[in-house]
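See below for the structure under consideration.
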Amino acid sequence: MSDAQAGLPELKLYNTLTRAKEGFAPLDPALVRMYVCGPTVYDYAHIGNARPVIVFDLLYRVLRHLYGADHVKYVRNITDVDDKINARAAGEYPGLDLNEAIAKVTFATEAQFHDDLEALGVMHPDVEPRATEHIAEMRTLIEKLVASGHAYVAENHVLFSVPSMPDYGELSHRPLDEMLAGARVDVAPYKRDAMDFVLWKPSRPGEPGWPSPAGIDVNGRPGWHIECSAMSWRHLGETFDIHGGGIDLVFPHHENEVAQSRCAFHTGIMAKVWMHNGFLQVEGEKMSKSLGNFVTIRDLLADWPGDVLRLNMLKTHYRQPIDWTLKGLEESAKTLEQWFDAAAPDAYPRPAPAVLEALADDLNTPKAIAEMHALKDHAGKKALGGTLAFLGFSEAPLRSWAAGRAPTLDIAPEEVEARIAERIEARRNRDFATSDRIRDELLALGVALKDNKDGTTSWEPRR
RNA sequence: GGCCACGUGGCGGAGUGGUUACGCAGCGGACUGCAAAUCCGCGUACGGGGGUUCGAUUCCCUCCGUGGCCUCCA
């Protein structure tokens, strides 16, 4: 079961750590382990947030196919402790106790996130851990780091000592001196080294707080990076196969995760393969609230089926920048409709060999899509159906969306049939002037006619 | 300022040291009374300038443009 089976392509993945595409060999083929950084739940997820979710969902499907569904463990966390959450909660519920306000914000945001993902048709990860449920693991990690000299206590903070790790910077490929030269932030006075980062910090009154590690006697809360080290450790172990996220996370977030985990466990790696998806722009511009082009998943779902959004995302290779446009969405919707027009159902969701081969090559989705276009002839219809199912695309929502999108008819169906009968009679008499007039009139009312080979005439709402 | 990506035909978007990616749009043909739908066919592109090479869109240098990171961020 575990090893590459006959007929299955070798999976190759681009590894940020080595900056090269490599053959993928799991640490334990009986259980391939993948961790992806999930959202910080303080606001509606935007379409950029959807990219890693969609990309790594695809990888999850490919891994399950290659290694068996029971031999893959996918963990995607929820970050529910963060300064942005606190700020939002205080602003949204000024009268409420801060902790209660935070609970309201995180609960509502997480529910919305799950609704969004449901509509997008991505699979559930095997585990979706919350940061606040892993405070104990964070404390344990911090104690380990302090004990081994990789972290120190200063003014009720615990800081990671970057100079204690000789190969710090291996993931982002940044030599320390260069970073210092470009740094333009004030260095907290209690840091021994400018690059040191916070593992734990004291809570201010009213803020969420937990008993601190390392002998600190005031309550505190975790720094940004420690949660992922804690959650991946708890659910995947000290080392695991794949760690994914957006390319903006490479530094400092992932670099610091690597430092924490490797130094806590004295291992040469944290994750074997690091994968990062590229950024997204909207209509050629960077997405920002100030430009007014901030697009949430929820907004898009009001106008489009989730599958169209997902296909649109996969049209571009995951490492490339993507420009999210209305025109692209129209095209994606059209493509999906064409595929379902041509596909024959397959009882088993399974990728066509050529599609799987493309996906195995570092998730080359544009190539895979080209292969799906090639399946539209008779011999490929069933393979196309199986591939669509494998990718999680479903026909019904698309069809009902398309039907709802058609212009409303200004004429009753019975009336259409009557006019068609009238036109057939005219054509039989070779009275084409009348025939064409009827067709034009119906078209003006939103009805498009099709004269079939067998002499009948069918119609559909004009697109 | 430092570091790092990307720049392909009208549009989207793979890939490759020398042979048509693919899709959308467009054009031509078949079919049709004419259409629609469908089917068949057509485009020789790779930011500018140098260099390496028998040969570069593909490698190297440089310039320009766009974006990312260095501070919260997918």
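Note on naming: letters A, B, ... go to the chains in the order of the sequence lines (proteins, then strands), and numbering restarts at 1 for each one.
- Nearest to the side-chain atoms of A:Asn277 among the listed nucleotides B:C34, B:A74, B:C24 stands B:A74.
- When the C1' atom is used for both B:A37 and B:G18, the distance is 42 Å, rounded to whole Å.
- Look at the C1' atom in both B:C3 and B:C24: the space between them is 38 Å, to the nearest Å.
- Rounded to the nearest Å, the gap between the P atom of B:G1 and that of B:C63 is 12 Å.
- A:Gln281 contributes no side-chain N or O that forms a donor-acceptor pair with the base of B:G67 under 3.5 Å.
- Side-chain to base pairing of A:Ser435 with B:G33: one donor and one acceptor N or O lie within less than 3.5 Å of each other.
- Contacts of A:Lys286 with the nucleic acid, taken as non-hydrogen atoms under 4.0 Å apart, involve only primed sugar atoms and P, OP1 or OP2.
- Picking from B:G33, B:C4, B:C22 the nucleotide with the shortest atom distance to the side chain of A:Phe432 gives B:G33.
- Side-chain atoms of A:Arg439 come within donor-acceptor range of the base of B:A35, with a qualifying N/O pair under 3.5 Å.
- Within 4.0 Å of A:Glu330, counting heavy atoms only, lies no atom of the nucleic acid at all.
- Taking the centre and axis of the six-membered ring of A:Phe393, the NZ or CZ atom of A:Arg310 falls inside the cone set by 45° and 6.0 Å.
- Summarising the geometry, the separation between CG on A:Asp323 and C1' on B:U8 is reported as 16 Å, rounded to the nearest angstrom.
- A:Asp451 comes within 4.0 angstrom of a base, heavy atoms only.
- The gap from the P atom of B:C34 to that of B:G29 amounts to 13 Å, rounded to the nearest Å.
- Nucleic acid contact for A:Ile369: none, since no nucleic acid atom lies under 4.0 Å from a heavy atom of the residue.
- Contacts of A:His46 with the nucleic acid, taken as non-hydrogen atoms under 4.0 Å apart, include base atoms.
- Geometrically, A:Lys21 does not engage A:Tyr14 in a cation-pi contact, judged by NZ or CZ lying under 6.0 Å from the ring centre and within 45° of the ring axis.
- The base of B:G33 is paired with the side chain of A:Asp436 by a donor and an acceptor separated by under 3.5 Å.
- Between A:His134 and A:His235, a ring centre-to-centre spacing shorter than 6.0 Å is recorded.
- Among the atoms of the strands shown, none is found under 4.0 Å from any heavy atom of A:Arg437.
- Taking 4.0 angstrom as the limit, A:Asn452 places none of its side-chain polar atoms (N or O) nearer than this to OP1 or OP2 of B:A37.
- If you look at A:Trp274 and A:His254, their ring centroids are closer than 6.0 Å.
- Residue A:Arg428 is out of contact with every strand shown, counting any heavy-atom pair closer than 4.0 Å.
- Contact annotation: A:Thr335 does not reach the phosphate of B:G23 (side-chain N/O to OP1 or OP2, under 4.0 Å).
- The distance between atom CD of A:Glu460 and atom C1' of B:U38, rounded to the nearest whole Å, is 13 Å.
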Query - Dot-bracket encoding per residue of RNA chain B, Watson-Crick/G-U cut-off under 3.5 Å, | denoting interstrand - result: (((((((..(((.....[...))).(((((.......)))))....(((((..]....))))))))))))....

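- Note on A:Asp451 versus A:Arg423: salt bridge recorded, some NZ/NE/NH1/NH2 to OD/OE distance being below 4.0 Å.
- A:Gly328 comes within 4.0 angstrom of nothing in the nucleic acid, heavy atoms only.
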